[in-house]
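Since the structure comes first, as structure tokens, the remarks are kept for the end.
When a ligand or atom number is given, it counts from 1 through the structure's own listing order.
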Amino acid sequence: MNISIFGLGYVGAVSLACLARDGHKVIGVDIDPSKLDLIKSGQSPIIEEGMPELVAEVAIAGNVEVTTDTASAIQNSDISFVCVGTPSQNNGSQNLNAIERISEQLGEAIKNKEQFHTIVIRSTVVPGTVEKLIGPTIEKFSGKKNGQDFGLCFQPEFLREGSSIKDYDNPPLTVIGGGDERSIQQLRKLFGHLPADFVTTSVRSAEMLKTCCNVFHALKITFANEIGRLCQGLEVDSREVMDLICRDHQLNISKAYLKPGFAFGGSCLPKDTRALLYLAKHEDISLPMLAGLMPSNELHVEHAIDVVLNSGKKSVGMIGLSFKSGTDDLRESPLVAMAERFIGKGLDLKIFDPEVNVARLVGANRRYIEETIPHISSLMKETCQEVIEQSDVIVVGLNDKPLLAQLYEYTTENHLILDLVDVPNQEKLSGNYVGVCW
Ligand SMILES: NC(=O)c1ccc[n+]([C@@H]2O[C@H](COP(=O)([O-])OP(=O)(O)OC[C@H]3O[C@@H](n4cnc5c(N)ncnc54)[C@H](O)[C@@H]3O)[C@@H](O)[C@H]2O)c1
């Protein structure tokens, strides 16, 4: 394939070398002539393992050209990759100046091109940038229509400096956001052979995915380091602890706890988070990220409460009171916190939870309900049906199959349904549906 690459920093230079190595004709474009001179003379513009050898090899093979002329690069290629920088501005926002300039230049260049041209954004951009800035700018400057006269998609780049050629050849995923069928087919030809799933998604999901991946890495590093500082203070070997944490692939390094949903609760997570933070305070060790967990969790509960309060509806039915399905444990259930707020606001509240039968509760749970939330027990109803039928708002806090069947059957168009659990087959629900964070 004939390919042009705009921006020959880490991402662009590695892509240029690897695509040329794979037998494609690649034109590199950069506003920095020194980078072009280096590549022309077979030298790598970046310090990176394997790059000096690879750039020399592809230069000798004659698979690489360089230019500052956007128009000729577009005329002589079928597909372009945009790899310009998107650095931080002082206020933390992304500086999209280079993205905007290149979009204008690409628009100008494809104005005079008869054939369909595909543009693939590989720079990391915040969600909405392709749809709100890049697409409209290219359309404005070319007078052409996205998806019809040219293709535009976003393909996140997952390579890491220091191992970028290896990462290029072994990406965790190949993800294409947006784009028309023709563009996706071209990308399948270029990347379909890699040992990774080839996934197509919306352009905004792909943009968000890339940013979230980096933030997730930052979060993991910070978690390990905060645990490290605390372990050091307590004379515990943090390396051993983190190694053991990572050996649990059921709950720790897995999909568990990584699904957007409702706040955490129950008798363990809040208690142990508080205990760890108290320990850190006692040791004079500051753990700002972990200290943010409880306030963030409380905000999540408030966010759900606001959906109900802002609806202006006065009769609320809660399906679920315990902190998760299959338990009667009410201790620190965020649904109990929610119920208390509704009562405090004077709403007419009814609750159904198949596991929480006050007469049947024993031990700690019975004591909890009698001592801490006696006012809530009087609001518990015998059936899910009566709660649904007698409420304008339904808060779905459990997703047991029998409960879902009743929700599908008894909700009506007049209901506002706040879903905390990602109810399956949402199309079977009647009413105005709101997801807690989707
Ligand atoms: N560096 C990484 O490991 C990495 C990994 C994945 C994604 N990314 C993302 O990829 C993008 C590029 O990162 P990088 O580290 O390669 O950036 P970089 O700053 O090293 O290189 C960007 C290049 O773009 C050139 N450029 C700017 N405007 C141009 C224009 N109008 N026409 C042609 N060239 C132009 C610059 O001269 C520079 O050489 C960023 O959005 C970054 O967040 C980087």
Side-chain angles (χ1 to χ4, degrees), residues 3-19 26-40 43-51 55 65-74 77 80-89 92-110 119-130 133-134 137-138 141 153-177 191 196 206-218 221:
I3 299 165
S4 48
I5 297 184
F6 293 84
L8 299 172
Y10 283 88
V11 170
V14 170
S15 304
L16 169 131
C18 292
L19 287 164
V26 188
I27 306 169
V29 188
D30 203 290
I31 47 173
D32 179 350
S34 64
K35 294 196 176 176
L36 304 184
D37 290 342
L38 281 169
I39 295 174
K40 214 181 326 185
Q43 294 177 70
S44 173
I46 55 164
I47 306 289
E48 186 66 27
E49 196 187 318
M51 275 295 279
V55 175
E65 269 178 50
V66 287
T67 179
T68 51
D69 183 354
T70 306
S72 83
I74 291 289
S77 60
S80 299
F81 291 96
V82 172
C83 309
V84 299
T86 50
S88 276
Q89 306 200 99
S93 65
Q94 218 172 37
N95 183 337
L96 294 170
N97 289 345
I99 282 284
E100 202 172 351
R101 288 295 84 69
I102 195 77
S103 304
E104 294 168 0
Q105 291 164 359
L106 292 173
E108 276 290 345
I110 61 170
I119 296 164
V120 185
I121 308 301
R122 305 227 62 188
S123 303
T124 300
V125 290
V126 288
T129 308
V130 171
L133 176 70
I134 302 176
T137 306
I138 299 175
F141 280 77
C153 41
F154 176 76
Q155 182 190 2
E157 173 56 79
F158 296 114
L159 63 76
R160 295 162 298 173
E161 289 172 25
S163 57
S164 54
I165 297 177
K166 281 195 201 108
D167 290 344
Y168 178 95
D169 290 327
N170 287 290
L173 281 175
T174 300
V175 179
I176 312 297
F191 302 109
E207 290 170 319
M208 190 65 181
L209 163 74
K210 175 61 201 169
T211 303
C212 288
C213 285
N214 281 343
V215 173
F216 192 38
H217 303 330
I221 292 169

Which residue and heavy atom of the protein sit nearest [atom], plus the separation:
atom                    : answer
atom 31 (N) of ligand 1 : Gln105 OE1, 3.4 Å
atom 28 (N) of ligand 1 : Ile31 CD1, 3.5 Å
atom 18 (P) of ligand 1 : Gly9 CA, 3.9 Å
atom 11 (C) of ligand 1 : Val84 O, 3.4 Å
atom 17 (O) of ligand 1 : Gly85 CA, 4.2 Å
atom 6 (C) of ligand 1  : Glu157 O, 3.2 Å

Enclosure of Arg101 CZ (heavy-atom neighbours >12, cutoff 6.0 Å):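 For Arg101, atom CZ is crowded (more than 12 foreign heavy atoms under 6.0 Å).
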
Does any part of the side chain of [Y], heavy atoms only, come nearer than 4.5 Å to the side chain of [X], both counted from C-beta?
X      : Y      : answer
Val11  : Ser123 : no
Thr129 : Ile121 : no
Pro172 : Phe158 : yes

Ligand-residue contact atoms, ligand 1 with [X], heavy atoms, under 4.0 Å:
X      : answer
Val29  : 33 (C), 34 (N)
Gly7   : 23 (C), 24 (O), 25 (C), 33 (C), 34 (N)
Cys83  : 12 (C), 22 (C)
Ile102 : 30 (C), 31 (N), 32 (N)
Ser123 : 10 (O), 11 (C), 41 (O)
Tyr10  : 1 (N), 14 (P), 15 (O), 16 (O), 20 (O)

Quick one: does [X] get an N or O within less than 3.5 Å of an N or O on ligand 1?
X      : answer
Thr86  : yes
Thr124 : yes
Glu161 : yes
Lys35  : yes
Asp30  : yes
Ala98  : no

Does the [X] side chain pair with the main chain of [Y], one donor and one acceptor, at a distance under 3.5 Å?
X      : Y      : result
Arg122 : Phe154 : no
Asp30  : Lys35  : no
Glu161 : Tyr10  : no
Lys210 : Val125 : no

Check against side-chain hydrogen bond (donor to acceptor under 3.5 Å, both in side chains), Ser103 and Thr137: CA-CA 6 Å; Ser103 304; Thr137 306; 5.1 Å; no

Thr124 and Thr86 side chains, donor-acceptor separation under 3.5 Å: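 Result is no, nothing qualifies.
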
Side chain to side chain contact (heavy atoms under 4.5 Å, CB included) evaluation trace for Ile119 with Ile134: CA-CA 10 Å; Ile119 296 164; Ile134 302 176; 5.7 Å; no

Candidate with minimal heavy-atom separation from atom 44 (C) of ligand 1, of Val11, Leu159, Ile5: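 Heavy atom nearest to atom 44 (C) of ligand 1 belongs to Val11.
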
Option from Leu19, Val82, Val66, Val29 for which side-chain contact (heavy atoms from CB on, under 4.5 Å) with Ile5 holds: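 Only match with Ile5 under side-chain contact (heavy atoms from CB on, under 4.5 Å): Leu19.
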
Ligand 1 versus Thr70: contacting region, heavy-atom distance under 4.0 Å: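 It is neither part, as no heavy atom is under 4.0 Å.
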
